Amino acid sequence: MDFNEETALDAVLASFADTPDPRLREILAGVTRHLHALVRDVRPTLAEWEQAVGYLTAVGRKCDDTRQEFVLLSDVLGVSMLVEAINDDEHGTEGTVLGPFHMTESPRRELGDSISEVGLERPCVVTGTVTDLAGRPVAGATVDVWQCDEDGFYDVQRPDVQPPGNGRGLFTADDAGEFWFRTVVPSHYPIPTDGPVGRLLDASRRHPFRPAHVHLIVDADGYEPVTTHLFVADSPYLDSDAVFAVKQSLVRDFAVSEDASAAAAHGVTVPFRRAHFDVQLVPREETS
Ligand code: BEZ
Ligand code: FE
């Protein structure tokens, strides 16, 4: 039988029918069905198809050990967050994208340390408690945090201005599950736009900005780790995150405090900003 618009889908599905791994067979069939449906729907010209292949080739060429343009593409298409949503447990603190800036290990720090190694002119204190679903403290949970500076840059983006590890910290919650650290309030910032994903945003008149946030990975023995963000409530772009990662449950006020005794207790000066973020972990055996 000729391979034409009517027979194409069945012919390709049949070619994968003997794939021994059932999950791989299911995925290959899904990719085939959806890709064929896309082509039948959009009806690209040959030149447009070549352009599509060229685009994906450029995305691949932009990838190296420190840059993952395919993940960035998945992020701006909302696919990373869709995968996250499909896999997120409905209990516990909600998860969001990991993002590309967790490429270096966070330095171990003591509770209360500053993660800003370049000064704390406008200090901020972040506090929180790690608990289980019943609200019982998870003592000794590890809390890995990383964020950009007040100008919207991660340490790896401006090594001439920020020492490695600036804006990062690996903390261990105390016996009450509590953690706290000093920092600066991160800025909103653009995702990397110097590659094919930037061209896509430009061509579609989309802005590249993410609202201000602190990244966290919280983990403890016997619990599912959660990769999430703490968003700054008065940040621009909270309702138009370039990578669709905002969840209302993760947005917190970073209120200005003039409380001199609270400032002294946390080793900062007034005025300072403070945010509180409790993290609920899901026990391992409760997830399917
Ligand atoms: C980030 O928050 O670090 C990030 C997430 C997705 C794409 C680019 C940056
Ligand atoms: Fe980020």
Side-chain angles (χ1 to χ4, degrees), residues 59-60 62-88 93-106 115-116 124 126 143-159 161-162 164-170 181 183-202 204 206-218 225-252 254 275 277 279:
V59 170
K62 193 71 187 170
C63 295
D64 59 27
D65 288 348
T66 57
R67 177 77 177 255
Q68 234 307 344
E69 196 76 356
F70 273 115
V71 174
L72 205 56
L73 182 59
S74 153
D75 292 341
V76 300
L77 293 177
V79 176
S80 303
M81 278 307 289
L82 184 57
V83 174
E84 178 66 46
I86 286 169
N87 286 282
D88 210 9
T93 295
E94 291 192 281
T96 57
V97 290
L98 173 69
F101 293 115
H102 191 244
M103 72 246 294
T104 59
E105 259 180 42
S106 301
I115 63 171
S116 172
C124 174
V126 176
V143 182
D144 187 355
V145 300
W146 67 104
Q147 65 166 78
C148 68
D149 64 11
E150 291 171 298
D151 298 323
F153 294 99
Y154 287 86
D155 56 351
V156 289
Q157 291 177 297
R158 279 212 298 195
V161 178
Q162 299 184 47
N166 188 56
R168 302 175 192 269
L170 184 62
F181 57 91
T183 184
V184 293
V185 179
S187 172
H188 56 281
Y189 65 84
I191 63 169
T193 54
D194 58 337
V197 170
R199 284 196 280 124
L200 171 69
L201 295 181
D202 214 29
S204 51
R206 278 177 56 178
H207 74 71
F209 287 96
R210 299 217 56 212
H213 58 271
V214 178
H215 295 260
L216 300 96
I217 298 175
V218 182
V226 63
T227 299
T228 191
H229 288 21
L230 158 58
F231 288 99
V232 181
D234 60 0
S235 172
Y237 306 109
L238 270 178
D239 54 4
S240 65
D241 184 356
V243 303
F244 308 98
V246 177
K247 293 181 175 175
Q248 290 311 313
S249 70
L250 306 177
V251 180
R252 293 290 181 280
F254 279 60
F277 188 63
V279 177

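As a basis for the values below, the full set of heavy atoms in this structure was taken, side chains included, without hydrogen atoms, waters or symmetry mates. First listed ligand is number 1; within each ligand, the first listed atom is number 1. Values in this document were obtained by computation on a predicted structure and should not be read as measured data.
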Query raised in the report: Among all protein non-hydrogen atoms, which one is nearest to atom 4 (C) of ligand 1, and what is the separation to 0.1 Å?
Result: P100 CD, 3.3 Å
Report summary line: Counting from 1 in the order shown, the ligand 1 atoms closer than 4.0 Å to a non-hydrogen atom of F101 are 3 (O)
Query raised in the report: With the threshold set at 4.0 Å, does a side-chain nitrogen-carboxylate oxygen contact exist between R67 and D194?
Result: yes
Requested in this report: Could you check atom 5 (C) of ligand 1 against the protein and tell me its nearest heavy-atom contact, residue, atom and distance included?
Outcome: G99 CA, 3.4 Å
**Report entry** From F209 atom CZ to L238 atom CG, the distance as rounded to the nearest 0.5 Å
**Finding:** 14.0 Å
Requested in this report: Would you check, one step at a time, whether the test ring pair (Phe, Tyr, Trp, His ring centres under 6.0 Å) holds for F101 with H215?
Outcome: CA-CA 10 Å; F101 293 115; H215 295 260; 7.9 Å; no
Requested in this report: State the atoms of ligand 1, each with its element, that fall below the 4.0 Å cut-off from a heavy-atom position in H215.
Outcome: 1 (C), 2 (O), 3 (O)
Query raised in the report: Can you name the N, O or S atom of H213 that is closest to the Fe ion (ligand 2)?
Result: NE2
Query raised in the report: Can a donor-acceptor pair be found between the side chains of D241 and H213 at a distance below 3.5 Å?
Result: no
Report summary line: If we number the atoms of ligand 1 from 1 as shown, the ones under 4.0 Å from a heavy atom of L72 are 7 (C), 8 (C)
Report task. Report yes or no: does H229 have an N/O/S atom closer than 2.8 Å to the Fe ion (ligand 2)? Result -> no
Query - Under 2.8 Å: N/O/S of Y189 next to the Fe ion (ligand 2) - result: yes
Query raised in the report: L98 versus I217: any side-chain heavy-atom pair under 4.5 Å?
Result: yes
Report task. Distance to 0.1 Å, residue and atom name: give those for the protein heavy atom nearest to atom 7 (C) of ligand 1. Result -> D75 OD2, 3.3 Å
**Report entry** M81 CE to K247 NZ distance, which is reported to the nearest 0.5 Å
**Finding:** 4.0 Å
**Report entry** For I191, the ligand 1 atoms whose distance to one of its heavy atoms is below 4.0 Å
**Finding:** 7 (C), 8 (C), 9 (C)
Query raised in the report: Nearest to atom 3 (O) of ligand 1, what protein heavy atom do you find, and at what distance?
Result: Y189 OH, 2.7 Å
Requested in this report: For residues T104 and V156, determine if any side-chain heavy atom of one lies less than 4.5 Å from a side-chain heavy atom of the other.
Outcome: yes
Query raised in the report: Is the Fe ion (ligand 2) less than 2.8 Å from an N/O/S atom of C148, whether that atom is in the backbone or a side chain?
Result: no
Query raised in the report: Rounded to the nearest 0.5 Å, how far apart are CG of L201 and CG of L72?
Result: 8.0 Å
